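Can you keep this structure in mind? I'll have questions shortly.
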Amino acid sequence: MPIVIGAKRESGFTDPIGMLADCHRRVERFLDVLVLVAERAHGQSLTEEQRSAFDTALRYFREAAPKHTADEEESLFPRLRRLDGAALAEVLARVDTLEEEHVCADRAHAEADRLGQLWLREGSLSPDGASRLIAVVKGLREMYRHHIAVEESEVFPAAAEALSAADHAAIGSEMASRRHIATEKQLPSAR
């Protein structure tokens with residue numbers, strides 16, 4: 001079954017932590033697509049199905065994934081940093097590392113996109129280009145495995161417990177706004 005960008009979400013904006021975890025499942029699936037296609041075709045001509053899946057995965061990381069990073073860096077992490085408490089000190093240290101990983105991931109995604117777009121445009125990659133693409137996407141997949149595990153086992157549970165209902169609502173609203181989706185709070189009243 002193909003993966004569709006913009007498919008129905010499992011969690012809603014009233015559960016922003018759940019939405020962040022849902023996004024992780026999409027990140028994992030799209031990374032798997034990139035690795036699978038890159039390894040199987042190794043820079044040679046793509047079938048129409050491979051081409052479509054690969055292009056969709058590249059587009060996801062170009063267009064949708066940056067919104068997820070913004071959800072964390074602009075909405076979730078700053079609210080966690082505003083909270084006091086020794087219990088959050090370790091989580092906040094993890095947040096600093098996660099933000100550094102976002103920067104490294106952005107660079108790797110830019111390289112994967114450049115090589116991937118070249119492949120789609122030219123119809124093939126040199127053996128060195130194909131090997132580099134495989135290394136980059138496999139490296140991204142490995143980095144995300146650790147990154148996602150830390151977020152889902154440490155940061156998200158701490159956020160779910162420590163943040164207020166108002167914080168959760170604000171994060172959800174900001175996430176919706178990044179996607180140009182009106183939430184109930186943003187909808188004009190029907191008077």
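Keep in mind that what you see is a predicted model, and the values were worked out from it rather than measured. Counting begins at 1 with the first residue of the sequence.
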Inset, instruction - Report yes or no: does Gln50 contribute a side-chain atom to a donor-acceptor pair with the main-chain N or O of Thr47 at less than 3.5 Å? - result: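 Present.
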Legend entry - Minimum heavy-atom distance between Leu133 and Gly116, given as atom pair plus value: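 Closest approach of Leu133 to Gly116: CD1-N, 4.5 Å.
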Inset, instruction - Determine whether the aromatic ring centres of His24 and Phe156 lie less than 6.0 Å apart. - result: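 Between His24 and Phe156, the centre distance is under 6.0 Å.
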Legend entry - Gln44: side chain to side chain donor-acceptor pair (under 3.5 Å) partners, not counting sequence neighbours: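 Residues passing side chain to side chain donor-acceptor pair (under 3.5 Å) with Gln44: none at all.
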Legend entry - Cluster link Phe61 to Leu36, ILVMFWY, side chain under 4.5 Å: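 Each belongs to a different hydrophobic cluster.
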Legend entry - Student check: side-chain heavy atoms of Leu20 and Cys23 closer than 4.5 Å: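 In short, these two side chains do not touch, never coming nearer than 4.5 Å.
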Legend entry - Audit row: Arg132, Glu111, salt bridge (Lys or Arg N to Asp or Glu O under 4.0 Å) steps and yes/no: CA-CA 9 Å; Arg132 180 62 189 156; Glu111 183 175 8; 2.7 Å; yes
Legend entry - Minimal non-hydrogen separation, Ala159 against Leu76, with atom names: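 Where Ala159 meets Leu76 most closely, the heavy atoms are CB-CD1, 3.6 Å.
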Inset, instruction - Using the test side chain to side chain donor-acceptor pair (under 3.5 Å), find all partners of Arg62 that sit at least two apart in sequence or belong to another chain. - result: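 Side chain to side chain donor-acceptor pair (under 3.5 Å) check on Arg62 returns Asp113.
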Legend entry - Linked, directly or transitively: Val27 and Val137 (ILVMFWY side chains, under 4.5 Å):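 Looking at the clustering, Val137 is in the same group as Val27.
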Inset, instruction - Identify the heavy atoms of Pro127 and His42 that sit nearest to each other, and give their distance. - result: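 Closest heavy-atom pair between Pro127 and His42: O-CE1, 4.1 Å.
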Inset, instruction - Give the minimum heavy-atom separation between Ala162 and Leu83, together with the two atoms involved. - result: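 Residues Ala162 and Leu83, closest heavy atoms: CB-CD1, 3.6 Å.
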Inset, instruction - Hey, could you give me the CG/CZ distance between Asp71 and Arg178, rounded to the nearest 0.5 Å? - result: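 Those atoms lie 4.5 Å apart.
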Legend entry - Side chain to side chain, Leu34 and Leu140, heavy atoms closer than 4.5 Å: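 No, their side chains stay 4.5 Å or more apart.
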Inset, instruction - Test salt bridge (Lys or Arg N to Asp or Glu O under 4.0 Å) on Glu28 and Arg141 and set out the steps. - result: CA-CA 7 Å; Glu28 292 165 338; Arg141 186 170 64 178; over 6 Å; no
Legend entry - Minimum-distance pair of heavy atoms, taken over all atoms of Phe13 and Met175: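 Closest approach of Phe13 to Met175, heavy atoms only: CE2-C, 3.7 Å.
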Legend entry - ILVMFWY network linking Val136 to Ile134, side-chain heavy atoms under 4.5 angstrom: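 Hydrophobic grouping puts Val136 apart from Ile134.
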Inset, instruction - Kindly indicate whether the side chain of Val33, heavy atoms from C-beta on, has any atom under 4.5 Å from the side chain of Thr56. - result: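 Not in contact.
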Inset, instruction - Measure the CZ-CZ distance between Arg40 and Phe54 for me, rounded to the nearest 0.5 Å. - result: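 So the gap between those two atoms works out to 14.0 Å.
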Legend entry - Validation row: Val37, Leu46 side chains within 4.5 angstrom (heavy atoms):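 In contact.
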Inset, instruction - Kindly work out whether a path of hydrophobic side-chain contacts (I/L/V/M/F/W/Y, heavy atoms less than 4.5 Å apart) joins Phe30 to Leu120. - result: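 Both belong to a single hydrophobic cluster.
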Legend entry - Ionic contact status for Glu99 with Arg81, cut-off 4.0 Å: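 Salt bridge: yes.
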Legend entry - Partner residues of His102 under the ring-ring contact (aromatic ring centres under 6.0 Å, His included) criterion, sequence neighbours left out: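 Only His147 meet the ring-ring contact (aromatic ring centres under 6.0 Å, His included) criterion with His102.
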Legend entry - Side chains of Ser52 and Asp55, donor plus acceptor under 3.5 Å: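 No.
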Legend entry - Stepwise side-chain hydrogen bond (donor to acceptor under 3.5 Å, both in side chains) check, Glu72 with His68: CA-CA 6 Å; Glu72 292 177 350; His68 173 81; 2.9 Å; yes
Inset, instruction - Could you pull out the closest heavy-atom pair between Ser153 and Ala149, with the gap in Å? - result: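 For Ser153 versus Ala149, the nearest heavy atoms are OG-O, 2.7 Å.
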Inset, instruction - Walk me through it: do Ser131 and Asp128 pass the test side-chain hydrogen bond (donor to acceptor under 3.5 Å, both in side chains)? - result: CA-CA 5 Å; Ser131 294; Asp128 287 345; 5.6 Å; no
Inset, instruction - Determine yes or no for a side-chain-to-main-chain donor-acceptor pair under 3.5 angstrom, with Ser173 supplying the side chain and Ala169 the backbone. - result: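 Side chain of Ser173 to backbone of Ala169, a donor-acceptor pair under 3.5 Å: no, none is there.
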Legend entry - Validation row: Glu154, Val95 side chains within 4.5 angstrom (heavy atoms):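 The answer is no, as the side chains (C-beta and beyond) never meet within the 4.5 Å cut-off.
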Legend entry - Thr14 side, atom OG1; Ile171 side, atom CD1 - distance, nearest 0.5 Å: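 Taking OG1 in Thr14 and CD1 in Ile171, the distance rounds to 12.5 Å.
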Legend entry - Interatomic spacing from CG in Leu88 to CD in Glu161 - rounded to 0.5 Å: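 One gets 9.0 Å once the value is rounded to the nearest 0.5 Å.
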Inset, instruction - Test Glu174 against every option in Lys67, Arg179, Arg79 by the salt bridge (Lys or Arg N to Asp or Glu O under 4.0 Å) rule and name the one that passes. - result: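 Between Glu174 and the candidates, salt bridge (Lys or Arg N to Asp or Glu O under 4.0 Å) is satisfied uniquely by Arg79.
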Inset, instruction - For Arg145, look at atom CZ and say whether over 12 heavy atoms of other residues, nucleotides or ligands are found less than 6.0 Å away. - result: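 Above 12, so yes.
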Legend entry - Contact check, side chains of Phe77 and Leu92, non-hydrogen atoms, under 4.5 Å: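 When only atoms from C-beta onward are counted, Leu92 and Phe77 do not touch, as no gap falls below 4.5 Å.
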Legend entry - Residues that Glu73 engages under salt bridge (charged side-chain N to carboxylate O under 4.0 Å, His left out), provided they are two or more places apart: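 For Glu73 there are no salt bridge (charged side-chain N to carboxylate O under 4.0 Å, His left out) partners, ignoring immediate neighbours.
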Legend entry - Any residue meeting side chain to side chain donor-acceptor pair (under 3.5 Å) with Glu90, in chain and number order, not counting sequence neighbours: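 If we apply the side chain to side chain donor-acceptor pair (under 3.5 Å) test to Glu90, skipping adjacent residues, there are no hits.
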Legend entry - With Asp106 via side chain to side chain donor-acceptor pair (under 3.5 Å) - residues at least two apart: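 Listed in chain order: nothing, the list is empty.
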Legend entry - Distance, nearest 0.5 Å, that separates OG of Ser45 from CZ of Arg51: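 Spacing of OG (Ser45) from CZ (Arg51) equals 9.0 Å.
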Legend entry - Spatial distance of atom CD (Glu101) from atom CG (Asp96) [nearest 0.5 Å]: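 Taking CD in Glu101 and CG in Asp96, the distance rounds to 11.5 Å.
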Inset, instruction - In plain terms, say whether Glu39 and Lys138 are close enough for a salt bridge, that is, a side-chain N and a carboxylate O under 4.0 Å apart. - result: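 Counted as a salt bridge, because a side-chain N and a carboxylate O are separated by less than 4.0 Å.
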